[in-house]
Novice: 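Sending over a structure as C-alpha cells; questions will come in a sec.
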2 protein chains.
Amino acid sequence: MGDAFDQAGLIDLAELPDAAQDFDAFLREIRDRFGVDHVAYAGMNPINRSVIGHVTYGKDWQEHYATQGFHRIDPTLHSARRSIAPVDWSRLERDLDYLTVFRSAHDFGISDQGVTIPVRGPYGDIGGLSLTCGGSKTEWKALCRENLHVWQALSVHVHDLVISSDSFSSLLRGPSMSMREREILQWTAEGKSQQDIADILTISHRTVEVHLRSARHKLYALTTAQAVGRAISMGLIYPG
Amino acid sequence: MGDAFDQAGLIDLAELPDAAQDFDAFLREIRDRFGVDHVAYAGMNPINRSVIGHVTYGKDWQEHYATQGFHRIDPTLHSARRSIAPVDWSRLERDLDYLTVFRSAHDFGISDQGVTIPVRGPYGDIGGLSLTCGGSKTEWKALCRENLHVWQALSVHVHDLVISSDSFSSLLRGPSMSMREREILQWTAEGKSQQDIADILTISHRTVEVHLRSARHKLYALTTAQAVGRAISMGLIYPG
DNA sequence: AACGCTATTGGGGAAATCCCGTATGGAATC
DNA sequence: GATTCCATACGGGATTTCCCCAATAGCGTT
C-alpha cells in the first residue's frame, strides 16, 4: 500500500489495493511518513448527520472525546465546516469551546499545534483531515510549508475513499429526487407558496404538498425550510 | 505576487497583495510556472447562478466557446460537478459532447490532454481549475505526477479568491442581521419549528415569529424557506 | 428629554402548511 | 400475469405559520 501516496490525487481509486480500505492503517502510515504526532479524519454524512472518524489517537483520548461529546463543540470541526482552505489551529477562535477541548487534549499529551484540511463532496458530504504535531513553532511551520499541498491532496483522497465505501455511498446516492420533487423544491426556494406552484404546474396544491413531503423524507428533513437548505448545500437546487 | 504560490494553501488570504485579484494574470503565472499550454478556472456563484470564468485561452477560442454554448455540454465541467478528485481528461466519457467540444478545441490548437480539479465551498459554490498541455502522454503523466497536488492546492486557492471577491462582497453590502435573527434562522435551518425554537431560547413563539419575519424582510424573501436558502448561500448560516 | 432602533411579548384571524387517508398508471420484479 | 414499488394526483381536517394590530423595556444618539 506504500504507493498509495503516489496515487493520491489520481482518479482511478479502484486501482488501489483493497487494503487501502483499512483507514486506520492508512492514517498511521501518513503519520509516520510525515513525522507528525497524530493524524485524524472525520467525515459527516449530511443526510443522517452520522459522523465517521478514523484517528491515530490513543484509545483513552478517543473514549474521553466521545463521552464528553467533543464532536459537538470541537473548534477544528467547526472551522472545517465553514472554510475551504486549510485551517491552522493557531488561527482558531480562542473561545470557551476551544479551551474546553484543547485543555482536555493537552492532558492526554496532544498538542494544540495542528492543521485541519476541509473537503467537500458533490452530495453535501463534508470531511476533514487533521494533523497535529508538537515541537517548536518554527519546526511546525516548516513542516506545513513543505507538506501542506500533499496533505491537501491526501485529505481529498481519504475523503473519497471513505465516501466510496459502502456505508456512506449507499445513503448519499440514495436520495434520487424525482423531476417533480426537484422542480417543486426549486420553486419553493424561489419563495413560491404551494398554491403558487400548483398554479404554475397546473396541478392541485395537494399534490404539490405530497411532493414536498416526499422531498423532506428523502432529505431526512423535518421541515421544508430544512429541506431547501440541504438541497441547496447539496447542489440539488439553487437559491432563489 | 510571485510568492502567491508559496502562500497558496495558507489561511490568511488577506495577506495576499491586491494584485492577486487579477485572476487572469494569476492563471498566466501558473501556466508559465508549470509549463502547460493553458490554465482555466470556472466557478459558479450559487446566489445568482452566474458563472465566473478566467482563462489563458486565446480570444478566438473564448468567443467560439461562448457562442457555441459549450459551457452547457463541456464534459470537463460535468465531470467536475460529480467528482471530488481531479479528473484526467483521458478518463472522460467519449460521448457526443466530448467529440463536439474537443474536436472544436483541436481546431484552435488546444490539446485534449488535461486535467480538471473540482472545488466546492460551504455555500453550494463550486468551481474547477483546468490545466491542459500537449506533447507526449509520458511527459504529461510525469507532469501530473510531479505537480498534481500543487494544482489541487491552487484550485482551492483560486476558488477561495474568486468567491471571496464575488459573493462575499455582496454579503458585506448585504443585510445586517441581528444576532437573534441569525440564531433563529439557524435553528429554522436545523428543522426546528417556531415553538421548538421558543422553547430552546425560552422566549415566546410570537417573538420567534417576529424575528423570522424581520429576517425575511432583510433578505427580501417571501417565505421562510427562501430566507433559509438565501442565508445559506450567502454564508449567514449553515445548512442543518 | 426625545428620538430611533432592537428585543421582547401578546391577540385575532386569515392563510398556508402538514399529516392522515385514497387512487391510478407505469416500470420493475417475480 | 401478479406483485411490488414509486411517481403522480387529489381531499379532509388538524396544526402551524403568517400578517395585521398594539405594547413594554433597554440602549445609544441627538
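Residue numbering restarts at 1 for every chain, and letters A, B, ... go by the order of the sequence lines.
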Novice: Just jot down the ring-ring contact (aromatic ring centres under 6.0 Å, His included) partners of A:Trp89, sequence neighbours excluded, or say none.
Specialist: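 A:Phe102.
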Novice: For B:Gln226 and B:Thr223, does a side-chain donor sit closer than 3.5 Å to a side-chain acceptor?
Specialist: no
Novice: Without decimals, in angstroms, what is the distance between A:Ile184 CD1 and D:dC10 P?
Specialist: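 Between P of D:dC10 and CD1 of A:Ile184: 11 Å.
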Novice: Rounding to an integer number of Å, can you tell me how far A:Arg182 CZ sits from D:dA7 C1'?
Specialist: 13 Å
Novice: Please name all residues satisfying salt bridge (Lys or Arg N to Asp or Glu O under 4.0 Å) with B:Glu209, sequence neighbours left out, ordered by chain then number.
Specialist: B:Arg213, B:Arg216
Novice: How does protein reach along nucleotides 12-26 of chain D, written 5' to 3' as B (base within reach of a heavy atom under 4.0 Å), S (only sugar-phosphate), or - (no contact)?
Specialist: BB---SBBB------
Novice: Just jot down the ring-ring contact (aromatic ring centres under 6.0 Å, His included) partners of A:His78, sequence neighbours excluded, or say none.
Specialist: none
Novice: Give every residue pair that meets the salt bridge (charged side-chain N to carboxylate O under 4.0 Å, His left out) criterion with at least one member in residues 63-75 of chain B, sequence neighbours excluded.
Specialist: none
Novice: Restricting to pairs with a member in residues 97-107 of chain B, which pass salt bridge (charged side-chain N to carboxylate O under 4.0 Å, His left out), not counting sequence neighbours?
Specialist: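 Pairs touching residues 97-107 of chain B that pass the test: none.
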Novice: Applying salt bridge (Lys or Arg N to Asp or Glu O under 4.0 Å), name anything that partners A:Arg182, two or more places apart in sequence or on another chain.
Specialist: none
Novice: Which nucleotide of DNA chain C is the first, and which the last, in the 5' to 3' direction, to come under 4.0 Å of a heavy atom belonging to chain A?
Specialist: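 Reading along DNA chain C, I get C:dT17 to C:dC20.
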Novice: For D:dG11, take OP1 and OP2 only and decide whether either is under 4.0 Å from a side-chain N or O of A:Ser204.
Specialist: yes
Novice: Mind checking what makes side-chain hydrogen bond (donor to acceptor under 3.5 Å, both in side chains) contact with B:His159, not counting sequence neighbours?
Specialist: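 Listed in chain order: B:Tyr41, B:Asp125.
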Novice: How would you list, by chain and number, every residue that makes a ring-ring contact (aromatic ring centres under 6.0 Å, His included) with B:Tyr220, sequence neighbours excluded?
Specialist: none
Novice: Using five base pairs at each end, measure the axis-to-axis angle across the helix from C:dA1-D:dT30 to C:dC30-D:dG1 and round it to 10 degrees.
Specialist: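 Nearest ten degrees gives 50° for this helix.
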Novice: Could you tabulate the donor-acceptor pairs under 3.5 Å formed by side-chain atoms of residues 197-206 of chain A, not counting sequence neighbours?
Specialist:
unit_1   : atom_1 : unit_2   : atom_2 : d
A:Asp199 : OD1    : A:Gln195 : NE2    : 3.0
A:Ser204 : OG     : A:Arg206 : N      : 3.0

Novice: Would you say a side-chain N or O of A:Thr207 is under 4.0 Å from OP1 or OP2 of D:dC10?
Specialist: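 Checking A:Thr207 against D:dC10: at least one side-chain N or O falls below 4.0 Å of OP1 or OP2.
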